[in-house]
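So the structure is just underneath, and the comments pick up after that.
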Amino acid sequence: MALIIVFISLVIILAVLLYILLKRQKQYWRKLNIVGPKPHLLFGDYKDVILRHITHFEFHEEVYKAYPKEKVVGLYRFNTPVLLLRDLDIIQHVFIRGFDSFINRGIEFGNNNRNANLAVSTDDTWRMLRTRFSPIFTSGKLKNMVYLMERCGDKMLKELDSQKLSSMDLNVQEIAMRYTSGAISACAFGIDMDKPDEKLLKLEKMLFKNYLALELFYICPNLLKKLGFNAAPKFISNYFQDLVKLVNMQRNGKPSGRKDLMDLILEMKNFSEKIKGGQKNGNKDDEPKVLQITDELIAAQAMIFYAAGYDTTANTLSHMLYELAKHQDIQEKLYEEIKKTLEENNGELSLETLKQMSYMDQVFSETLRMYAIADVQRKVSAKSCRIPGVDINLKRDALMFVSVRGIHYDEEYYPEPYKFDPTRFSQENVKSRHPCAYLPFGLGPRNCIGMRFAKIQSKVFLVKFLNNYKVEPAAATKKLKFDPMKITLSVAEGLPLKVIRRNK
Ligand code: HEM
C-alpha cells in the first residue's frame with residue numbers, strides 16, 4: 001500500500017514538474033515582447049498541422065494574416081520556439097544581407113556522405129557543394145538539355161494522341177508527373193524511360209511524404225543527427241547509388257557527349273577528385289576542409305536533384321493548367337504566343353525560342369505566386385545575433401519560418417490576391433514591388449539551384465501541350481484541396497480536367 005502511495009505521489013510530482021516546465025517554455029516569446037497566438041501546452045501552436053488536419057502552408061498563412069501590424073510573430077511547435085518573419089526588410093536581412101549568420105536550414109541528419117546533399121548539408125560542406133554544383137545549372141549548360149526535355153514532351157503527346165479522342169477527362173497531375181519524371185531522369189541520369197520505372201514511381205511517393213517522424217526535429221532538434229538518421233530510407237539511397245554506379249560504368253567514368261547532368265558531374269570529377277574549401281573550425285590557420293567526390297556523394301546530389309526537381313515542377317504545371325482551364329482568355333493569349341514564336345523560329349524549340357515567350361514567363365510566375373510549392377522557408381541562426389527592425393537578440397540555432405503564401409496573398413503587395421492575373425509580372429509591375437515580395441524559389445545565396453532547370457522544363461511542357469491541346473474544367477473539377485500528408489503543395493486526389501485536341 002505504502003509503495004502504491006509513493007508511486008502515485010511520484011507520478012503527481014513528475015506531472016506537476018512537467019506542467020511547470022512546459023508552461024515556462026511557452027513564456028519564451030512573451031518575455032521577449034513578441035506577440036503570437038496562445039499555445040497549447042503540449043503541441044504549441046501547431047496542433048492541427050502536427051495531426052495532419054491542415055497543411056503548414058494554410059496554417060502559416062492564417063497566422064500571417066492574423067497579425068497584420070507585426071514584423072515578426074512568436075510561435076511554438078511543440079516546445080520549440082519558431083519566429084515567423086513577416087517584414088520584408090527583415091526577410092531580406094536573413095536571406096541575403098546577413099546570410100552568413102543564417103546559412104543553414106536546421107535540418108540535419110547523420111554525418112555521412114549519403115546525407116551530404118545540397119539541401120540539408122551545412123556550413124562549409126554546403127558552401128563547397130554549392131560552389132561545385134552551381135555551374136551545372138547555368139543557362140549555357142541547360143540549353144544543351146532542351147532536346148532531352150523535348151523528347152519527353154513528344155512522348156507525352158504520343159500517349160495523348162494514341163487515345164484517338166477529341167476530348168477526354170484526364171488527371172493532368174498524372175500527365176505532368178509522367179513528363180517531369182521522364183525529363184529529370186533523362187537530364188539527370190541519362191535514362192530514357194519508355195515506361196516509367198515502377199520502383200522509381202514508388203520511391204517518389206515516399207520522398208515527399210510528410211512523415212510524423214519529422215516532428216522529432218521540433219521535439220528534440222538534434223536527435224536525428226545524434227542518432228545518425230539518414231535523409232532517406234536506405235533502400236532509396238541504395239537505388240540512387242546503384243543508378244550512379246551503372247551510369248558511371250556505362251560511360252567508363254567519362255562524359256558521354258549527352259551533355260546531361262551526369263556528364264557534367266563526371267567532367268567535374270575528372271577535373272578533380274576532391275572539393276576543397278572553408279576552414280575546419282572557421283580558423284584561418286586550419287587546413288582547408290576536403291570533400292572526396294565519391295559515388296556516394298554524387299548519388300546524394302542525384303537523389304536531391306531528382307526529388308526536388310520532379311514533384312515541384314509537376315505540381316506547378318498542374319496548378320497552371322487548372323488556372324488556364326478557368327481563364328480561357330489567358331490560355332488563348334498564351335497559345336497565340338506559342339504559335340507565333342514557333343512560326344517565327346521555323347518550329348525549332350531552343351532556349352532562345354523559349355526566352356522569346358515573355359507572356360509564358362508571366363503565367364509561370366503568377367502560378368507560383370498563387371501556388372508556391374515549397375512554402376514555409378526555414379532558417380536557423382548560426383550564432384547569437386540581433387535582428388534589425390525588431391528589438392530582440394536571437395540565440396544560436398533559433399528557428400525562423402517565412403510564410404511564402406502569406407506574403408504572396410498580401411493585398412499590400414498584390415491587390416486582389418485571389419485573382420489569377422499574369423500581368424502582375426510585367427517588367428514595370430515587378431520593379432515597383434519590394435524585391436523580397438516574391439519568393440517561390442527562395443532568396444539569396446541559398447535559393448533554389450534548379451530554378452532555371454524548372455522554368456525550362458515547364459516551358460517545354462507548355463509549348464508541347466498547349467500547342468496541341470487545350471484544357472477546360474471537367475465535371476469532376478473541384479476547388480483545389482491540398483494534402484497535409486505531403487511536404488510540398490500538392491492536391492490530394494489528382495486534378496481532373498477536360499483535355500481537348502486543337503483543330504489545326
Ligand atoms: C517549380 C519548381 C521548383 C520550386 C518552386 C523550387 C523551390 C525551391 C525552394 C523554395 C528552395 C529553398 C530555397 C531557400 O531556402 O531559400 C529550393 C531549394 C532547392 N531546390 Fe528547388 N524548386 C523547384 C525545382 C527544382 C529543380 C528542378 C531542382 C533540381 C533539378 C531543384 C533543386 C533544389 C535544390 C538542390 C535545393 C537546395 C539548394 C541549397 O540548399 O543550396 N529545385 N527549391
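Order of appearance sets the numbers: ligands from 1, and atoms from 1 within every ligand. Note that the structure is a prediction, hence the values are computed from the model and not measured.
Two residues are said to be in side-chain contact when any heavy atoms from C-beta on lie closer than 4.5 Å; V120 and W126 fail this criterion.
At a heavy-atom cutoff of 4.0 Å, ligand 1 is contacted by no atom of L439, backbone or side chain.
Of all protein heavy atoms, the one closest to atom 15 (O) of ligand 1 is R105 NH2, 3.0 Å.
In the candidate list A188, S134, P440, P440 is nearest to atom 5 (C) of ligand 1, counting heavy atoms.
Under the 6.0 Å distance and 45° angle rule, R369 counts as a cation-pi partner of Y409.
Legend: residues meeting side-chain contact (heavy atoms from CB on, under 4.5 Å) with I219, ordered by chain and number and at least two apart, are F78. T125 meets the side-chain contact (heavy atoms from CB on, under 4.5 Å) test with S121, L129, K289, L291; sequence neighbours excluded. The salt bridge (charged side-chain N to carboxylate O under 4.0 Å, His left out) test applied to R446 returns no partner, not counting sequence neighbours.
Ligand-side atoms of ligand 1 in range of L118: 39 (C), 40 (O), 41 (O), range being under 4.0 angstrom from any heavy atom.
K395 NZ: 12 or fewer foreign heavy atoms inside a 6.0 Å radius.
For N429 and S426, the side-chain atoms include at least one donor-acceptor pair closer than 3.5 Å.
Looking at R130 next to ligand 1, an N or O pair under 3.5 Å apart turns up.
In this structure a side-chain-to-backbone donor-acceptor pair under 3.5 Å is missing from D375 to T488.
If you count the protein N, O or S atoms nearer to atom 21 (Fe) of ligand 1 than 2.8 Å, you get 1.
Under a 4.0 Å heavy-atom criterion, F95 is in contact with ligand 1.
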